[in-house]
Amino acid sequence: MAAHLKKRVYEEFSKVVQLPQEEAPAKKLRLTKPSKSAALHIDLCKASNPTDALQYLLHFARSSVEAESVEGVVRILLEHYYKEQDNSVRLKIASLIGLLSKTQNFNPESILDDTLNTFNTEKSHQVLAQLLDTLLVIGTQLPESLIVRHRLIEVAYKHLSDTYFGVRNKCLQLLGCLGNVDTPLNKDGQGLVPAVIGDAQSLISDYFADQDPRVRTAAIKAMLQLHERGLKIQQTIYDQACQLLCDDYEQVRSAAVQMVWVLSQLYPESIVPIPSSNEQVRLVDDSFGKISHMVSDGSWVVRVQAAKTLGNMLQVSPHFLEQTLDKKLMSDLRRKRTAHERAKELYASGEFSSGRKWADDAPKEKVDTSAVNLIASGACGAFVHGLEDEMYEVRIAAVDALSALAQSSASFAEKCLDFLVDMFNDEIEEVRLQSIHVLRQISTNITLREDQLDTVLAVLEDSSRDIREALHELLCFTNVSTKECIQLALLELLKNLTKYPTDRNSVWKCLKFLGCRHPTLVLPLVPELLSTHPYFHTPEPDMDDPAYIAVLVLVFNAAQSCPTMTALFSDHTFRHYTYLRDSLSHLVPPLRAPGVSGIEGSGSVESAQLFLQQSLSRISTIHNLQDPGAQDLLNFTIRDLQRLGELQTELAGAADFSATYLRCQLLLTKMLEETYKLEFLYSGLENRQVATIHHVRLQAKALQLVLTARTRRGVEPLISVCEKFLQEVESFQRLFVVELPHLQESFVGKLLDLSPKLSACKPGELVKILQTTLRQSGFLNLQLPKQVQRASATIIEPTGESDNPLRFTSGLVVALDIDATLEHVQDPHNTVKVQVLYPDGQSHVIQPKPGDFRSPGPHRHRLITQVYLSHSAWTEACQIEVRLLLAYSSSRLCKAVWSDSSTEGLQPAEGATEGTIPFGKPVKVFIMPKPARR
């Protein structure tokens, strides 16, 4: 008893109290990237010789560096720079500093002082040149900092006297790229006088006479760089630039050509004296003559540069321009002394005519050799020299220059026509092609003579298709002078058509424009071209002959602007016009011929517009694209509208727009059909995959709703559609509540977040929300289940290979045996149907009896049934198409459709089928309904 009491005491007074355990604060981890500077420092310290250090630097140059690490890396590089004795390693370090300063989001001003300090100890010329290049990179990264620019220019001034050409080159390049266009700054940041700008130009121009040609080239390029940055170059350096045109090195001469051209554009009307005379000419004319002289330079690079530059000098006087086409110096470019000046000179010499020499005192009409030329004799015929150059690059540049100058001067275009036509016979295809293109560009200012046209048409024998098509394009926009030219062009084009049948469309297009441009020249040729006779009937030509079609295209396009030409047409010509107007409407224009039916031009356009309106009104009767025949009607309408746009170019835009809109409607419908295929044509799907399919279907229906709101006016038609869509969203939420956590960022997830707002908003607001949600929703990834099987069907009987038709009496029926194997079809008794398509568009869908299905193995079924056919009498045997369909209904719950355990005995309601999916290859069978005997 005492023990029992003791136990009760312990039970009453001994309690176990469990204190809540304090959670330890979570440790925060900070992820850091390995330091680039530390790794580089370790690598450079490991280098035992300059070769190893150079290899480490080359390896480091291939890796990327973040902006926040650049400054530390530069410090490490400069530390090793001062320790390194090898010039190649220091050169690479200087190059790396310039490369690192280009890093995005990095301010290179933080490393400028350290980089400038390296100049105090550097003795190597190559390293100094690389350091100056690094400063140039830093300066271009900081274009707004005037102080930085001033410091860099000061360094360039200091090293301009270096003995190494590379250092002087980089200094000049630095001055050209960073030289102050506005008022420069001194060391205190205060503005200096603007005269320093002129001093900078004079300093650069002093190096035009440097002993090294590379420095002279760099000086010219630096001056050009100043010009590109907005500084107006002084005219005083024009004489220096002209002297550089005679330099011994081609790089200098090429840059000098560019310099002379820039000055001619800055001071075109300035007057410059001609050496060794009192004559003066405009600067642009003088520079044109000097650059023309460079077309005969010994270097083909300079010749190309000179020829290209001539094409940009559009302010030249006409007589200077025309001199480039004649190798002999024209008289108006010579300074001739008057008779009074010559007599005065003779009197001053004290000589008179002795009579021993015949006509020694006669007036001298010819200019003697001592006369002053206003243009260098080497510049005469500059384009002639350029077009005859041995290098095809020079010839192409000369052709391009002729094109630019001819487009600005109609008289020059006429004079250079013969030279361009001669280039059609060049041995290089590229030159011939460019000449054709150039002549096409100036064709509005010229008219071809018969001899010129003969040379042009000879190119049609060329084997290159590009050459021939370019020539066809040229003839489209060329004017010819006589009807013989039209006849010659037609004959050569027909020969081209015979030799190269693939040029048919190009030749037809060419003749179309020839006829449009020369109606009066084509008119006298019509009886000969159409082989008509005033008294006798001539045979009707073959409409399948491309040459005859080419002639008709020429004549019909000429007749559009010549109303009297249609009186020369024969009856079959009018029939051929009607045919070509329908088949080649882009080549044959509408004609007006009173009293002849089918030729009125306005009728075809009006009928096309009527057809367009009828097509659109026909499809306006469609209320639901799921109705039978609705999609076929859309397909036929799209085909008709596309053909209408091809036949009537005036209505091409409206027809194509309508066809594209209808195609969008079909795509939405097909998108819905594809989602039903995904859901009902494949077995083994899990609830996750079915939810993804329903999600895509909701997106398609949302697109349809947005499209309906944009195309229909009023709110009433949208109310029922919006209510139906919201019901489908609620149904989705109810069916796939388990999968909703996986759809947070998807279209449905965002809609469900807005569900309280959706139910209360108006149809217009709902459409805007759907449109915004569709754009912002993310892509929903598809996770495949363990095993997916596709439902398939194979029709064994009938085979479709027999040519003997199945005959039966019209009005009666005939039985067609169907034998097919089905694989992976769920519930085939209720879903599999047989469809029969007749040639007249009728279709019958037959539901097989449940006893017609057999199950020879797992997931396999055998369908053996009979289909009864009946039709009215036919005149001949035709094929019918037999196929198997898989019926579906979205009212079946996803798990009820694909689950094998929970709802195995669930049967769909009668008439619950929403659509069918064709699966399996169809079979065609010959049948012949015979008329009933009486």
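For the single chain, residues carry numbers from 1 onward in sequence order. None of the values given here were measured: they were computed from a predicted structure.
In plain terms, the two heavy atoms of L226 and L175 that are nearest each other are CD2-O, 3.8 Å. Contact record, A241 with A256: O-CB, 3.9 Å, taken as the closest heavy-atom pair. Across every non-hydrogen atom of S264 and M313, the tightest pair is OG-CE, 3.6 Å. Across I233 and V262, no two heavy atoms sit closer than the pair CD1-CG1, 4.3 Å. In terms of heavy atoms, V65 sits closest to S69 at CG1-CB, 4.0 Å. Scanning both residues, L160 and R168, for their nearest heavy atoms gives O-CD, 3.3 Å.
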Please report, to 0.1 Å, the donor-acceptor pairs under 3.5 Å made by any side chain of residues 95-109, with sequence neighbours excluded.
unit_1, atom_1, unit_2, atom_2, d
S101, OG, G98, O, 2.6
T103, OG1, L100, O, 2.6
N107, OD1, E109, N, 3.3

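A distance of 13.0 Å separates NZ of K123 from CZ of F119, quoted to the nearest 0.5 Å.
Judged purely by atom type and a 3.5 angstrom limit, T115 uses its side chain to pair as donor or acceptor with the backbone of I111. With hydrogens and angles disregarded, no donor-acceptor distance shorter than 3.5 Å links the side chain of R90 to the backbone of Y81. The backbone N or O of G139 sits nowhere less than 3.5 Å from a side-chain atom of R149 that would complete a donor-acceptor pair.
Contact check on D248 versus R216 returns no salt bridge, with no Lys/Arg side-chain nitrogen under 4.0 Å from an Asp/Glu carboxylate oxygen. Remark: E154 does not engage K158 in a salt bridge, criterion side-chain N to carboxylate O under 4.0 Å. Salt bridge status for D133 with K170: present, with a side-chain N to carboxylate O gap under 4.0 Å.
Pairs of residues two or more places apart, or lying in two chains, never qualify as ring pair (Phe, Tyr, Trp, His ring centres under 6.0 Å) while including a residue from residues 127-146.
No option in V399, L310, V295 other than L310 meets the side-chain contact (heavy atoms from CB on, under 4.5 Å) test with F383.
Between S435 and D426 the shortest side-chain heavy-atom distance does not fall below 4.5 Å. Counting heavy atoms from C-beta outward, Q126 and Y164 have side chains that approach closer than 4.5 Å.
When the salt bridge (Lys or Arg N to Asp or Glu O under 4.0 Å) test is applied to R440, no partner is found at least two apart in sequence or on another chain.
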